[in-house]
Amino acid sequence: MSVVVSDTEINRAKEMIYELAGIYLSNDKDLAIKNRLNRLIKSCNIQNFDIFFSQLKNGKFKQEFINTFTNNKTDFFREDFHFVDMLDRILPHRLKKTEPLKVWCSAASMGEEPYSIAATLSYAKDIYGSNTPCSILATDIDTSVLETAKTGEYVVDTCITPLPEWLDLENSFEIIPKSERDVSIKIKSTLKNLITFKQLNLQLSTYPFGYNEFDIIFCRNQIIYFKIEDQEKVLKKIFSYLKVGGTLYLGHSESPLGIQNKVEKLGQNIFIKVMD
Ligand SMILES: C[S@@+](CC[C@H](N)C(=O)[O-])C[C@H]1O[C@@H](n2cnc3c(N)ncnc32)[C@H](O)[C@@H]1O
């Protein structure tokens, strides 16, 4: 039997997801919130919303609640000009240095983005004959997508998501055709070994790594889920972990709020950090 979800519950859910993850849900999402709330309390085996929200306030079901309200849309080589920029502009010089190269993917979702980064790095190391140690930290607040990411197994509709032809994918991915459109992709262990998946809430006041630690940060299609004032706060924090001279990639509809005067813009939402 489904429990009635009134405007009160919808508003409580909106307040809680904002409090826990900084995610702002507008009124046009009400129907989706209602459906997701119904599914959630059923899966938690709870009979009514008063019990559910009071338990949530005490920390129970917190992760399930967060996982329910994230939007995890992602693809392999999404906005692929960022990977091409890495390959053509950054890596030819950077991979000549012996100092380890570190990349942070701050909204990794189900893993397609960090594996695309890893495949680009691995291809670049081959073509530039580099031994530079490379690593990728891939974080997300949602624990269920991180579990999917760790498996490294996907089915991709290549009509919707065509795979790029500018790198040798076979080196990194085991690709098996399943139908005219679909392929199954298994990430090879050499690629998996480049990535550490970790849960991280970008709303925390600081993050557990060193300032100026990363050469490259991918922060794409994530901060749009925050209020403008929160986008600016989070972006400033993320930016403090990027080296001067490092590159920040933002999603197509995101802006470098609050850091405009510290970056050089290259176009296509590619930003080089010019000062701390
Ligand atoms: C739409 S996906 C973007 C995935 C990928 N970056 C891309 O561009 O394809 C947004 C991701 O941000 C994550 N997210 C939302 N709020 C977050 C927060 N407070 N901290 C960390 N990650 C968050 C979601 O779980 C989701 O996986």
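The first residue in the sequence is number 1, and the count goes up from there. Both ligands and their constituent atoms are indexed starting at 1 by order of listing.
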Contact partition for [X] relative to ligand 1, non-hydrogen atoms under 4.0 Å:
{"X": "N221", "value": "both"}
{"X": "F226", "value": "side chain"}
{"X": "L200", "value": "backbone"}
{"X": "F218", "value": "neither"}

Which residue and heavy atom of the protein sit nearest [atom], plus the separation:
{"atom": "atom 27 (O) of ligand 1", "result": "D140 OD2, 2.7 Å"}
{"atom": "atom 14 (N) of ligand 1", "result": "Q222 NE2, 3.4 Å"}
{"atom": "atom 22 (N) of ligand 1", "result": "I141 N, 3.3 Å"}

Within a distance under 4.0 Å of any heavy atom of [X], pick out the atoms of ligand 1 and give their elements.
{"X": "K73", "value": "1 (C), 2 (S), 3 (C), 4 (C), 9 (O)"}
{"X": "A107", "value": "4 (C), 5 (C), 6 (N), 11 (C), 12 (O)"}
{"X": "T70", "value": "24 (C), 25 (O)"}
{"X": "L202", "value": "18 (C), 19 (N), 20 (N), 21 (C)"}
{"X": "I23", "value": "15 (C), 16 (N)"}
{"X": "A21", "value": "19 (N)"}
{"X": "S109", "value": "4 (C), 27 (O)"}

Polar atom proximity, [X] to ligand 1 (N or O, under 3.5 Å):
{"X": "A108", "answer": "no"}
{"X": "Y225", "answer": "no"}
{"X": "R78", "answer": "yes"}
{"X": "R220", "answer": "yes"}

Side chains of [X] and [Y] only: does a donor on one sit below 3.5 Å from an acceptor on the other?
{"X": "N171", "Y": "S122", "result": "no"}
{"X": "S6", "Y": "E9", "result": "yes"}
{"X": "D230", "Y": "Y18", "result": "yes"}
{"X": "Q199", "Y": "Q63", "result": "yes"}
{"X": "D142", "Y": "T70", "result": "yes"}
{"X": "Q268", "Y": "H82", "result": "no"}
{"X": "R89", "Y": "T247", "result": "yes"}

**Study point:** Ring centroid separation F214 to F239 under 6.0 Å
**Key:** no

Point to revise | Y249-F271 aromatic ring centre distance below 6.0 Å | key: no

Practice item. Decide side-chain hydrogen bond (donor to acceptor under 3.5 Å, both in side chains) for N11 and E15; before the verdict, give the C-alpha distance in whole Å, the side-chain angles of both, and the deciding distance to 0.1 Å. Key: CA-CA 6 Å; N11 290 333; E15 280 164 25; over 6 Å; no

Review point. Where the closest heavy atom to atom 26 (C) of ligand 1 is concerned, which of N71, D142, I17 has it?
Key: N71

Review point. Does the salt bridge (charged side-chain N to carboxylate O under 4.0 Å, His left out) test come out yes or no for K188 and E174, once each step is laid out?
Key: CA-CA 7 Å; K188 293 192 177 169; E174 199 180 300; over 6 Å; no

**Study point:** Given V263, I270, I216, I259, the one that forms side-chain contact (heavy atoms from CB on, under 4.5 Å) with L248
**Key:** I259

